[in-house]
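FYI, side chains are in, hydrogens and waters are out, and symmetry mates aren't considered; it's all heavy atoms of this structure. From a predicted model like this one, the values you see are computed outputs, not experimental measurements. Indexing begins at 1, ligand by ligand and atom by atom, following the structure's order. When a residue number appears, it is its place in the shown sequence, counting from 1.
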Amino acid sequence: MARAIGKDLQAHRPPAVKEVDILWITAGLSCDGDSVSITNASLPSIEDVVLGAIPGLPKVNLHNPVLAVAVGDEFMKPFWDAHEGRLANPFVLVVEGSIPNEKIKSEGYWAAYGCDPDTGQPITTCEWIDRLAPKATAVVAAGTCATYGGIHAMSGNPTGAMGLADYLGWGFKTKAGLPIVNVPGCPVQPDNFMETLLYLLYQLAGLAPMIPLDEALRPRWLFERTVHDGCDRAGYYETGIFADRYGSDKCLVKIGCWGPVVNCNVPKRGWMDGLGGCPNVGGICIGCTMPGFPDKFMPFMDPPPGSRLSSSSVKVYGKPIAALRRITQRRLNQEPRWRHPGTRLESGYQTKQ
Ligand code: SF4
Ligand code: SF4
Ligand code: SF4
């Protein structure tokens, strides 16, 4: 059985690589917030990955327009090289921002990246994705816009914006047999993205099995628990103590927190170096990692449907349980009586006066 699993993993494992390029396109419908966010990562940091400080990783050449020193033609060169099959190394394609539907406009373009040297005309982001995704070893969507459409794909938007999996197809596989890897968040939590990238780099180096993803193509170990599971305020929820205003340190469910039904590890992980994390620091969870974000969570700040029922039922048993716990707590805050001098125990032993 173990051998069969090993063979299966081997079959999905791309050949080991020593050097890899990361071609990062921020020219979906994007605010560049995910590129900015990852500069806060520390587990690992982008610097550690790019400077080769982590044992076992391939050498990494990062090409991200927000973080690059190179500009213009010099910056675009690796993208053209990849398109024309001249790039020396395998590459990971990272897409940030939602993908517009270029077929529904009457003129112009929705999003573009660089210009065609022959015509001088902008090359649409969709065209770059069409060119590069089939040649990439791994394809990663960074942030909720790129994963599921996000803010730009709200009802009524004129661009037909969508996530990468809706654009390429949910069954898309890279030439190395990897599915699209979605790391949602608006913006993406810095360490969630860098840890996923680290995993993929180890996978490319032949040192990790196939990345485990859920049905929304998110890394399982990062997104299988809810916000509520890791929230600092969960004890208040359990005993029916709820905030009725912002600024309170109690559970925020009655003032718009969706944490109990949202897959996200931010309260557990914090935002930066373990600090922060939406509800932990007073912000309601608005479900920014979810495929239904933002439409299914609006209007923000209204109590989520079902929260009235759940919070009222919790109150019925939460308050008496909290009172009983206080009695137990008082007892536990006292030393056992036989530690006091002169106290007679049932065994007959008496401590020294
Ligand atoms: Fe900006 Fe959020 Fe979209 Fe990222 S997911 S590009 S941070 S709006
Ligand atoms: Fe759950 Fe939100 Fe309350 Fe935290 S603040 S305990 S996530 S409902
Ligand atoms: Fe987004 Fe909620 Fe996670 Fe905060 S806790 S990052 S609002 S999903």
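Remark: minimum distance from atom 4 (Fe) of ligand 2 to any protein heavy atom is reached at Cys231 SG, 2.4 Å. Here the heavy atom of the protein found nearest to atom 1 (Fe) of ligand 1 is Cys31 SG, 2.3 Å. In this structure, atom 7 (S) of ligand 3 lies nearest to the protein heavy atom Ile286 N, 3.5 Å. Here the heavy atom of the protein found nearest to atom 3 (Fe) of ligand 1 is Cys145 SG, 2.3 Å. In terms of protein heavy-atom proximity, atom 5 (S) of ligand 2 is closest to Leu252 N, 3.2 Å. Of the protein's heavy atoms, Cys288 N, 3.4 Å lies nearest to atom 8 (S) of ligand 3. Nearest to atom 2 (Fe) of ligand 2 among the protein's heavy atoms is Cys257 SG, 2.4 Å.
For ligand 3 and Thr289, the ligand atoms under 4.0 Å from any heavy atom of the residue are 8 (S). Counting atoms of ligand 3 from 1 in the listed order, those under 4.0 Å from a heavy atom of Val227 are 5 (S). For ligand 1, the atoms lying closer than 4.0 Å to a non-hydrogen atom of Asp34 are 4 (Fe), 5 (S), 6 (S), 7 (S). Near Val262, the atoms of ligand 3 lying under 4.0 angstrom from a non-hydrogen atom of the residue are 8 (S). Below 4.0 Å from some heavy atom of Pro260 lie the following atoms of ligand 2, by number and element: 8 (S). Interface atoms of ligand 2 facing His228, defined by a heavy-atom separation under 4.0 Å, are 1 (Fe), 6 (S), 7 (S), 8 (S). Residue-ligand proximity, Cys251 to ligand 2, at heavy-atom distances under 4.0 Å covers atoms 3 (Fe), 6 (S), 8 (S). Short contacts between ligand 1 and Thr144, defined as distances under 4.0 Å to a heavy atom of the residue, involve ligand atoms 5 (S). When each atom of ligand 2 is checked for a heavy atom of Val253 under 4.0 Å away, the hits are 8 (S). Atom numbering of ligand 3 starts at 1 in the shown order; those under 4.0 Å from a heavy atom of Cys278 are 4 (Fe), 5 (S), 6 (S), 7 (S). Close contacts between ligand 2 and Ala234 involve ligand atoms 6 (S) [criterion: under 4.0 Å to a heavy atom].
Using a cut-off of 2.8 Å, one finds that Cys186 contributes an N/O/S atom close to atom 2 (Fe) of ligand 1.
Here the OG-CE distance, from Ser42 to Met272, works out to 8.0 Å after rounding to the nearest 0.5 Å. Separating the NZ atom in Lys175 from the NZ atom in Lys135 is a distance of 9.0 Å, to the nearest 0.5 Å. Atoms CG and OG1, on Asp229 and Thr226 in that order, are 3.0 Å from each other to the nearest 0.5 Å.
The one candidate from Asp130, Leu132, Thr124 that meets the side-chain contact (heavy atoms from CB on, under 4.5 Å) condition with Trp128 is Leu132. Screening Asp249, Val314, Leu252 against Tyr236 for a side-chain contact (heavy atoms from CB on, under 4.5 Å) leaves a single residue, Asp249.
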Practice task
Show your working on salt bridge (Lys or Arg N to Asp or Glu O under 4.0 Å) between Glu238 and Arg325 and close with a plain yes or no.
Solution key: CA-CA 12 Å; Glu238 192 209 14; Arg325 281 181 185 160; 3.1 Å; yes
Problem - Stepwise side chain to side chain donor-acceptor pair (under 3.5 Å) test for Asn64 and Ser35 - result: CA-CA 8 Å; Asn64 173 312; Ser35 289; 3.0 Å; yes
Exercise for the section: Kindly indicate, with the supporting measurements, whether the criterion salt bridge (Lys or Arg N to Asp or Glu O under 4.0 Å) is fulfilled by Asp73 and Lys77. Expected result: CA-CA 6 Å; Asp73 290 345; Lys77 185 171 182 308; over 6 Å; no
Exercise for the section: Start with the C-alpha distance between Ser37 and Gln189, add both sets of side-chain angles, then the distance that settles side chain to side chain donor-acceptor pair (under 3.5 Å), and finish with yes or no. Expected result: CA-CA 7 Å; Ser37 182; Gln189 199 279 352; over 6 Å; no
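For Trp24 and Phe193, the gap between ring centers is short of 6.0 Å. Aromatic pair Tyr237/Phe242: centroids less than 6.0 angstrom apart.
Ligand 1 is approached by Gly185 to a heavy-atom distance shorter than 4.0 Å.
Using the six-membered ring where Trp is involved, Phe300 and Phe293 have ring planes that are parallel, under 30° apart on the 30 and 60° scheme.
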